Number of protein chains: 2
Amino acid sequence: METATEGRRTVQKTVIRQALDQREGFVSAQQLHSALEAAGDRVGIATVYRQLNALAAAGLADTITVDGEILYKACGDRTHHHHLVCERCGRSDQIDPPSESWIQSAAAARGYTVTRHVFEVFGLCADCAAA
Amino acid sequence: METATEGRRTVQKTVIRQALDQREGFVSAQQLHSALEAAGDRVGIATVYRQLNALAAAGLADTITVDGEILYKACGDRTHHHHLVCERCGRSDQIDPPSESWIQSAAAARGYTVTRHVFEVFGLCADCAAA
DNA sequence: ATGCGTGCAAACGATTTGCAGAGAA
DNA sequence: TTCTCTGCAAATCGTTTGCACGCAT
């Protein structure tokens, strides 16, 4: 597996990736767009969406859907993992399920062939709980 | 806790609930609406949405979100449980996680207070895999 | 008679896309 | 120059909501 074609280097591409990297947790395209705007970076919302989707497709970003909104998060390693997400500030930590193999067997027991699974835990992080 | 007010009895309410009950698995409001229409039952899409949301709110239906679309499923007992969903036909079976308590501890270890969690496994059921 | 539940259509909010122009290679 | 990437605005799509009317109670 090789690092896919990077395409052309553009300011917006850079700015968007940096903004996403700096975030502690998940952000929506709109939030990221507002943040950039507030920071003085003028980028079209469409570009933000396109860029975010590209990152997700490339496995460089994780996504979760909350309340019909897609949230993105920079994610270095492409390993499959799950998150512990703060519902208030969006921060997130990785969480390790006891085992993923039981999923296969549990599904197989009912005749299913597993293609994918989602597992996300939501709550309040220490800071937000204190506030 | 008491069985909340049922409200008025109407044809559409009945028809929608029946249609949902007859389904093997998850359905979208739109799919259900089309099905009713095809069956000769004329119900407004808005009513389908309102009814489905009411059922979900009352804990009589489970919901999952797939690709930005909300899917509903009749669900007798209000106990918290997870699903094994067929991506092709929408059929679903219940699945039992090894334990839910580890979630609490895993989260607590990182200072989080858990409020909710989603866990869904997608795949192909025996029939669809064969086809 | 009273007012909840419905249907229709307009409103919505998030995301996508067509198209012409800008800038990277 | 060439062709990808961007920006804007219009278009989608699923879902929600305002409003007037019909029907269950």
Side-chain angles (χ1 to χ4, degrees), chain A residues 3-20 23 26-58 60-73 85 87 90, chain B residues 3-20 23 26-58 60-73 85 87 90 118 120:
Chain A
T3 302
T5 313
E6 268 293 307
R8 295 181 176 173
R9 295 184 130 302
T10 67
V11 244
Q12 24 283 84
K13 197 174 289 189
T14 308
V15 175
I16 292 176
R17 296 192 175 190
Q18 288 189 337
L20 186 63
R23 287 275 174 167
F26 289 86
V27 227
S28 68
Q30 320 244 12
Q31 292 178 327
L32 204 57
H33 178 249
S34 309
L36 291 175
E37 200 168 56
D41 298 304
R42 330 193 85 274
V43 209
I45 184 74
T47 300
V48 176
Y49 275 109
R50 281 190 277 237
Q51 222 39 248
L52 252 26
N53 283 335
L55 288 173
L60 297 173
D62 266 11
T63 67
I64 58 176
T65 302
V66 169
D67 195 48
E69 204 175 16
I70 303 174
L71 305 183
Y72 304 78
K73 177 184 187 302
V85 187
E87 294 194 298
Chain B
T3 302
T5 313
E6 267 293 308
R8 295 181 177 174
R9 235 188 304 292
T10 67
V11 231
Q12 22 284 84
K13 197 174 289 187
T14 309
V15 175
I16 293 176
R17 295 192 176 191
Q18 289 189 336
L20 187 64
R23 287 274 173 165
F26 289 86
V27 227
S28 69
Q30 319 242 14
Q31 291 178 325
L32 204 58
H33 179 250
S34 308
L36 291 174
E37 200 168 56
D41 298 303
R42 331 193 90 277
V43 204
I45 185 73
T47 300
V48 176
Y49 274 109
R50 280 190 278 237
Q51 231 24 260
L52 253 25
N53 283 335
L55 288 173
L60 297 172
D62 265 11
T63 68
I64 58 177
T65 302
V66 170
D67 195 49
E69 205 175 16
I70 303 175
L71 304 182
Y72 303 79
K73 176 184 187 300
V85 187
E87 293 193 299
V118 301
E120 305 293 342

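Chain naming here is simple, since letters A, B, ... match the order of the sequence lines and numbering starts at 1 in each. The structure presented is a predicted model; accordingly, all values stated were derived computationally and were not measured.
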*Asks:* C:dG7, OP1 or OP2 - any side-chain N/O from B:Gln12 closer than 4.0 Å?
*Replies:* yes

*Asks:* Taking atom P of C:dA14 as reference, at what distance in whole Å does atom OH of A:Tyr72 sit?
*Replies:*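 Whole-Å distance recorded here is 13 Å.
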
*Asks:* Is there side-chain contact between A:Tyr72 and A:Leu32, with at least one heavy-atom pair below 4.5 Å?
*Replies:* no

*Asks:* For A:Asp62 versus A:Phe26, what's the shortest heavy-atom pair and its separation?
*Replies:* O-CE2, 3.8 Å

*Asks:* So, OP1 or OP2 of C:dG5: does either fall under 4.0 Å of a side-chain N or O from B:Thr47?
*Replies:* no

*Asks:* Write down the distance between CD1 (A:Ile45) and C1' (C:dG13), rounded to a whole number of angstrom.
*Replies:* 12 Å

*Asks:* Minimum heavy-atom separation for B:Ala35 to B:Arg23, with atom names?
*Replies:*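 Result for this residue pair: CB-NH2, 3.7 Å.
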
*Asks:* Heavy atoms only, 4.0 Å cut-off, all strands: where does A:Gln51 land among base, sugar-phosphate and nothing?
*Replies:*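 Sugar-phosphate contact only.
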
*Asks:* Distance check needed: C:dA24 C1' versus A:Arg8 CZ, whole Å only.
*Replies:*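 Distance check: A:Arg8 CZ to C:dA24 C1' gives 5 Å.
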
*Asks:* Whether B:Thr10 contacts C:dT6 is assessed here as follows: a side-chain N or O lying under 4.0 Å from the phosphate OP1 or OP2. Is that the case?
*Replies:*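 So the side-chain polar atoms of B:Thr10 do come within 4.0 Å of the phosphate oxygens OP1 or OP2 of C:dT6, strictly under.
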
*Asks:* Which atom names give the shortest non-hydrogen contact between A:Ala56 and A:Thr63, and what distance separates them?
*Replies:*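 What the structure gives for the nearest pair is CB-CG2, 3.8 Å.
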
*Asks:* Can you tell me how far C1' of C:dA14 sits from CD of B:Glu69, to the nearest Å?
*Replies:*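 After rounding, the gap between these two atoms is 15 Å.
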
*Asks:* Nearest-nucleotide wise, let me know which of A:Ile16 and B:Arg9 is further upstream toward the 5' end of DNA chain D.
*Replies:* A:Ile16

*Asks:* Does the base of C:dG5 carry an N or O that pairs as donor and acceptor with the side chain of B:Arg50 under 3.5 Å?
*Replies:*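 There is none.
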
*Asks:* What are the 5'-most and 3'-most nucleotides of DNA chain D lying under 4.0 Å from any heavy atom of chain B?
*Replies:* D:dG14 to D:dT25

*Asks:* To the side chain of B:Ala46, which of C:dT6, C:dA9, C:dG18 is closest?
*Replies:*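 It is C:dA9.
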
*Asks:* Taking CZ from B:Arg17 and C1' from C:dG5, how many angstroms apart are they, rounded to a whole number?
*Replies:*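 These atoms are roughly 12 Å apart.
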
*Asks:* B:Tyr49 has an atom OH; how far is it from atom C1' of C:dC8, in whole Å?
*Replies:* 15 Å

*Asks:* Can you name the nearest heavy-atom pair linking A:Lys13 to A:Gln51, along with the distance?
*Replies:*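 It is CG-OE1, 3.4 Å.
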
*Asks:* Please figure out whether B:Ile70 or A:Val48 has its closest DNA chain D nucleotide nearer the 5' end.
*Replies:* A:Val48

*Asks:* Identify the heavy atoms of B:Val85 and B:Gly90 that sit nearest to each other, and give their distance.
*Replies:* CG1-O, 4.2 Å

*Asks:* How is B:Arg42 classified with respect to the nucleic acid when contacts are heavy atoms under 4.0 Å: base, sugar-phosphate, or nothing?
*Replies:*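 Since only primed, P, OP1 and OP2 atoms lie under 4.0 Å of B:Arg42, the category is sugar-phosphate.
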
*Asks:* Rounded off to whole Å, could you give me the CG-to-P distance for the B:Leu36 and C:dT6 pair?
*Replies:*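 Result: 12 Å.
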
*Asks:* For a quick test of reading the model, state the closest non-hydrogen atom pair linking B:Ala29 to B:Ile45 and the distance between them.
*Replies:* O-CD1, 4.1 Å

